[in-house]
Amino acid sequence: MPAAHIRRLAALAARPPGLEAAHRPTGSPDHPEARPEASLRPTVLTDRPDTTLVRCGDVVVKAHAPDCDADRLAVRLRVAAHPYLRGIVLPPLPATGSGGLLAPLADGRPATRWPYGRPVSPDDPDAAPWEETARLLARLHTVPAARLPGPVPPMRGPAKAARALSRMRAALAASGPPPFPSAATAVEHAWSLLPAWARDEAPPPRADALCHGDLHLGQLVRHPVPDGPWLLIDIDDLGLGDPAWDLARPAAWFATGLLAPGLWSRFLGAYRAAGGTAVSPYGDPWPELDVPARALTVQTAALAVAGAAPAGRPPDADEMAFTDACDRMVREARKARTACVLRELAGPSQP
């Protein structure tokens with residue numbers, strides 16, 4: 001993002017007197033993140049084409065994606081601030097612009113203001129809040145969506161998956177033939193096997209639950225810092241949809257061997273114990289999770305190829321876990337089709 005826009009976000013993060021008094025951290029005063037007044041120098045937390053985050057003290061300003069629908073974002077802000085979501089989603093800070101949005105940046109991108117929360121530490125994966133995440137999702141999925149301010153937009157999970165495929169294709173077109181054509185081919189074939197709704201080409205079969213839409217461990221913070229409860233953040237994809245989509249990324253990690261069976265069991269067990277509606281309370285969860293998990297696998301693999309293509313390198317070991325999973329999906333589908341043809345050729349079974 002241009003430096004001028006970063007300065008604008010920093011100015012928007014400056015706290016008008018008294019505006020965020022109710023949101024100031026109440027944690028231990030000895031913890032450095034509980035004393036934001038000690039350093040009000042703006043800090044760029046994230047700067048990507050689709051998101052820029054600037055922190056100033058205990059306030060974070062977010063510039064949303066250039067193609068963000070401001071009207072739908074305003075609805076999502078009202079939903080996030082609703083009492084039904086208290087203790088589930090980090091609520092936005094008040095803003096003086098229309099619909100809870102700040103005045104747009106010079107390039108037209110909408111901006112929002114949020115209290116700062118402490119994210120999951122990438123240096124301590126064993127301390128990741130899997131059970132807490134599962135319980136938050138279960139609570140989110142049982143929010144009475146009909147009573148929320150609306151109309152609540154659709155959950156954007158399938159749209160993000162389709163965008164990942166577009167990114168991969170654009171990266172391959174720009175960089176020429178990749179040194180790993182089999183990976184890109186596997187991703188494309190696995191994508192074609194998904195039902196239309198998972199490719200964002202048709203309405204989902206279920207769209208009755210409030211969903212996060214892009215769940216991963218980077219979407220949680222502790223607020224107030226440093227030791228407040230975990231809350232979900234990033235409402236850009238929040239909306240009505242199939243709640244199984246929110247479980248699909250951990251499910252995909254488990255299926256590809258990147259999430260230990262014990263962690264997956266803890267996550268799924270906590271979700272079920274909290275009354276989550278994405279899967280049946282007992283038994284095999286895969287009838288509900290299969291399609292979303294495959295879609296998230298393809299999405300992750302597509303982004304891996306998109307990132308590797310410009311550098312002319314093959315995917316790394318973790319990325320290959322997802323491209324290999326795409327290849328397995330294709331091979332399994334071919335085996336199933338072959339078995340079906342052989343059964344048809346054999347004719348009806350004899351008594």
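- Under the 4.5 Å side-chain criterion, counting only non-hydrogen atoms from C-beta, Val120 is in contact with Pro129.
- Outside the 6.0 Å centre-distance limit, the rings of Tyr116 and His223 are not counted as a close aromatic pair.
- In summary, Lys160 and Asp200 do not engage in a salt bridge, as defined by a charged side-chain N under 4.0 Å from a carboxylate O.
- Proximity of a side-chain donor or acceptor of Asp208 to a complementary backbone N or O of Leu240 within less than 3.5 Å is not detected.
- No side-chain heavy atom of Phe322 sits under 4.5 Å from any side-chain heavy atom of Leu303.
- Residues Gln299 and Gly157 share a closest heavy-atom pair of OE1-O, 4.3 Å.
- Of the options Val75, Leu77, Leu210, a side chain to side chain contact (heavy atoms under 4.5 Å, CB included) to Leu238 is made by Leu210 and by none of the others.
- For the pair Arg156 and Asp236, the salt-bridge criterion is not met [side-chain N within less than 4.0 Å of a carboxylate O].
- Of the candidates Leu137, Leu231, Val143, Ile88 forms a side chain to side chain contact (heavy atoms under 4.5 Å, CB included) with just one, namely Val143.
- Going from atom CE of Met329 over to atom CZ of Arg294 covers 6.5 Å, rounded to the nearest 0.5 Å.
- Side-chain heavy atoms closer than 4.5 Å link hydrophobic residues (I, L, V, M, F, W, Y) into clusters, and following such links, possibly through other members, connects Leu140 to Val79.
- Hydrophobic clustering of Ile, Leu, Val, Met, Phe, Trp and Tyr side chains at less than 4.5 Å, counting indirect connections, keeps Val330 apart from Leu296.
- Using bins of under 30°, 30° to 60° and over 60° for the plane-to-plane angle, the ring pair Trp286/Phe254 lands in the parallel bin.
- You'll find the side chain of Phe180 reaches within 4.5 Å of the side chain of Pro315, heavy atoms only.
- Put simply, the side chain of Tyr271 does not reach to within 4.5 Å of the side chain of Arg135, judged on heavy atoms.
- More than 12 heavy-atom neighbours from other residues, nucleotides or ligands sit within 6.0 angstrom of CZ on Arg206.
- Taking a cutoff of 4.0 Å between a charged side-chain nitrogen and a carboxylate oxygen, Arg76 and Asp237 do not qualify as a salt bridge.
- The shortest heavy-atom contact between Glu288 and Pro292 is O-CD, 3.5 Å.
- In this structure, CD in Gln219 is found 11.5 Å from CD1 in Ile235, a value given to the nearest 0.5 Å.
- For the pair Arg118 (side chain) and Arg222 (backbone), a donor-acceptor distance under 3.5 Å is absent.
- Taking a cutoff of 4.0 Å between a charged side-chain nitrogen and a carboxylate oxygen, Asp324 and Arg328 do not qualify as a salt bridge.
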Query raised in the report: Between His64 and Thr51, is a side-chain hydrogen bond (donor to acceptor under 3.5 Å, both in side chains) present by the stated rule, with each step listed?
Result: CA-CA 5 Å; His64 297 260; Thr51 302; over 6 Å; no
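- Residues Thr256 and Thr300 form no side-chain contact, since every pair of their non-hydrogen atoms from C-beta on lies 4.5 Å or further apart.
- Checking each of Asp234, Ile233, Leu45 against Lys62 for a side chain to side chain contact (heavy atoms under 4.5 Å, CB included) leaves exactly one that passes, namely Asp234.
- Inter-residue side-chain proximity for Leu232 and Leu215 is flagged as met; some heavy-atom pair is nearer than 4.5 Å.
- Hydrophobic cluster membership is shared by Trp230 and Leu268, with clusters built from Ile, Leu, Val, Met, Phe, Trp and Tyr side chains linked at under 4.5 angstrom.
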